[in-house]
Every structure is written in structure tokens, then in C-alpha cells.
Number of protein chains: 2
Amino acid sequence: MFQALADPARRSMVDRLCHGPASVSELAEPLVMSLPSVMQHLQMLEASGLVRSQKVGRVRTCRIEPAALRLAERWIGERRAYWEGSLDRLGDYLDAHPEEPEA
Amino acid sequence: MFQALADPARRSMVDRLCHGPASVSELAEPLVMSLPSVMQHLQMLEASGLVRSQKVGRVRTCRIEPAALRLAERWIGERRAYWEGSLDRLGDYLDAHPEEPEA
DNA sequence: TAGATACTTAGGTAATTTATTAAGTATTTT
DNA sequence: AAAATACTTAATAAATTACCTAAGTATCTA
């Protein structure tokens, strides 16, 4: 999932899909890249759960899967919160032991 | 930055650092991996801005850089918010044009 | 000062990722 | 039915990434 967000082309696709559903061609249009490459990126986005798509006629329509986005956001948020908690505990520690510097 | 979070070993290191500062050896301890490999991961974490470190004596102490974590969280949050906004607009659209299905 | 500790650097291999071109397939459009 | 459209698949090639071992360097510790 972070792997999926690690590539600029895929982030651009996610960006585009946040504005609403799009076809493969529409996703490819702003990218300087062949269509098969876009397909590969799309497959990684689908494998990561960030994007879903369905084909109707000859057009495949892609859309964002918000649950996955929320998952990534939560992972980061939890760690940030933990770190901020650690900061508090470090503050407590420094208050209790002012004679021993931290680093 | 998402690239840095894309690897499980590096996420494990971030996890550990969220509990507080740690030496390179402490970061390496739970990982089934040579020390030079841990160093490479550490370098990527530092290059991404997620982690900072300083060497005192022969020990290098690493710590999380919360600003970077907040940045990643914001990137995702903004897109999620945009998508949720799009959902609202799609709802409005469907309300206004019930005879034309979305896909 | 000799040895142990804690990284660090260098160099090289295997796996993964990213991208390409060429050649399909399935659906409209004309 | 013929041509155009919108992907898809397959097979590579180039670039990155992830690892490792071996051999340093700089600090402690005894």
C-alpha cells in the first residue's frame, strides 16, 4: 500500500481519481508513458486495494477505494500519536531527572 | 517518503523509533538482517526526512522527525477529503439526474 | 595498550520495479 | 463488414532496491 503510493505516476493517478472516476485513457492522458505502463501501475493500485475498476463495453472505469486511504492515514496517525505521547513521557523524564541530559 | 515507508524493515524501524530514540544496534536487533543492511535502510529513512540521527562517541542515536510523518498524513488526508467531497458531489448529481446511471 | 564494541565503507549479487515495443482481443462506429 | 477505439497480453530491457560478506575506523574498557 505504501509501496503503491511510492511511485509518482501512481500518486498522480490517485490524485486524478480523487476528483472522480476515470477511464484508463483518462488516467494515462497526463502521464508521459505508454498505455501498457499505465496498466501495470493500475494493477499495482488495485492489488494494494487503493483503487477498484470495472469494465463496461470497451471502457474500464476506475475509482478510489477510500477505506484503503483511511487505513494508510490511520497507520501514520497512530505512529505520530505514539511519538507525541513519547515526547510527553520524555518531558516527564527530563522533569524528573534534570541532571542527566538526553543525548 | 512513501518510498521510505514502502519497506517492512523500514516501517519496523519507524515503529521502534515512535517509542523513543534508539541506537543503530537497537534498531537492528529485531530484524533478521546484517548491520550494513540496517544502515542502508537508515540512510533512506534519513534521506526521506522521516528520521534524524547524530553520533556521540561510537553510538549513533536515531529519532523520528514528526514533521515528515505529519506531511505524509496530510497528503493522504487531503486526498481522502477531496474524494469524500467528490462523493457528495456525485450524490448531488445522482439526485439531479436519477435517469442516468453512473457507470 | 590490547581487545571489544559500534558502526561504516566497499564491492558485488539477486530480486523487484518500471518502462518499452509488438501483437493481440473485444467493442463501437461508419 | 471494415475501420477505429480502448484496452490487454507477452516478452524484454534497464534501473533500482535489498542483501550480503569482508574489511575498515573510531571509541570505549579492562
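Owing to the predicted nature of the structure, the values given are computational and were not obtained by experimental measurement. All chains are named by letter (A, B, ...) in the order of the sequence lines, taking the proteins before the strands, and each is independently numbered beginning at 1.
Comparing atom distances between the B:Gln43 side chain and each of D:dT9, C:dT9, C:dT29 picks out C:dT9 as nearest. With C:dC7, C:dA19, D:dC7 as the choices, the nucleotide that has an atom nearest any side-chain atom of B:Leu35 turns out to be C:dC7.
Under 4.0 angstrom from either OP1 or OP2 of C:dC7 there lies at least one side-chain N or O belonging to B:Ser23. The phosphate of D:dT17 (OP1 or OP2) has no side-chain N or O of B:His41 nearer than 4.0 angstrom. Within the 4.0 Å cut-off from OP1 or OP2 of D:dT17, not a single side-chain nitrogen or oxygen of B:Arg10 is found. At least one side-chain nitrogen or oxygen of A:Ser25 sits closer than 4.0 Å to the OP1 or OP2 atom of D:dC7. In terms of phosphate contacts, A:Arg60 brings a side-chain nitrogen or oxygen within less than 4.0 Å of OP1 or OP2 of D:dT8. Contact annotation: A:Lys55 reaches the phosphate of D:dT8 (side-chain N/O to OP1 or OP2, under 4.0 Å).
B:Thr61 has its side chain out of reach of B:Val56: every pair of non-hydrogen atoms, C-beta onward, lies at least 4.5 Å apart. At least one side-chain heavy atom of B:Glu78 sits under 4.5 Å from a side-chain heavy atom of B:Arg74.
Of the residues A:Arg52, A:Arg10, A:Arg11, A:Met1, the one that meets the side chain to side chain contact (heavy atoms under 4.5 Å, CB included) test with A:Leu45 is A:Arg10.
The distance from atom CG of A:Asp7 to atom P of D:dT17 is 11 Å, rounded to the nearest whole Å. When the P atom of C:dT9 is taken as reference, atom CZ of B:Arg58 falls 18 Å away, rounded to whole Å. Between B:Leu31 atom CG and C:dC7 atom P there is a gap of 14 Å when expressed in whole angstrom units. The distance between atom CE of B:Met39 and atom P of D:dC20, rounded to the nearest whole Å, is 15 Å. Distance CD (A:Gln40) to C1' (C:dT16): 12 Å, rounded to an integer number of Å. Whole-Å rounding puts the B:Gln3 CD to C:dT18 C1' distance at 12 Å. The CE atom of B:Met33 sits 12 Å away from the P atom of D:dT21 (whole-angstrom rounding). As a whole-Å value, the separation of B:Met44 CE from D:dC19 C1' is 13 Å.
Closest heavy-atom contact between A:Ala72 and A:Phe2: O-CZ, 4.2 Å.
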- Task: Check step by step if side-chain hydrogen bond (donor to acceptor under 3.5 Å, both in side chains) holds for B:Gln3 and B:Ser48.
- Result: CA-CA 8 Å; B:Gln3 184 63 264; B:Ser48 77; over 6 Å; no

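For B:Ala22, the side-chain contact (heavy atoms from CB on, under 4.5 Å) partners two or more places apart in sequence, or in a different chain, are B:Arg16, B:Leu17, B:Glu26, B:Leu27.
Taken to the nearest 0.5 Å, the CD atom of B:Glu46 stands 6.5 Å off from the SG atom of B:Cys62.
The overall bend of the helix from C:dT1-D:dA30 to C:dT30-D:dA1, read as the angle between its terminal helix axes built from five base pairs each, is 20° when rounded to 10 degrees.
Within the cation-pi definition used here (under 6.0 Å to the ring centroid, within 45° of the axis), B:Arg79 qualifies as a partner of B:Trp75.
Across all strands shown, B:Ser37 has heavy atoms under 4.0 Å from base atoms, whether or not it also approaches the sugar-phosphate. At the heavy-atom level, A:Ser34 lies under 4.0 Å from base atoms of the strands shown.
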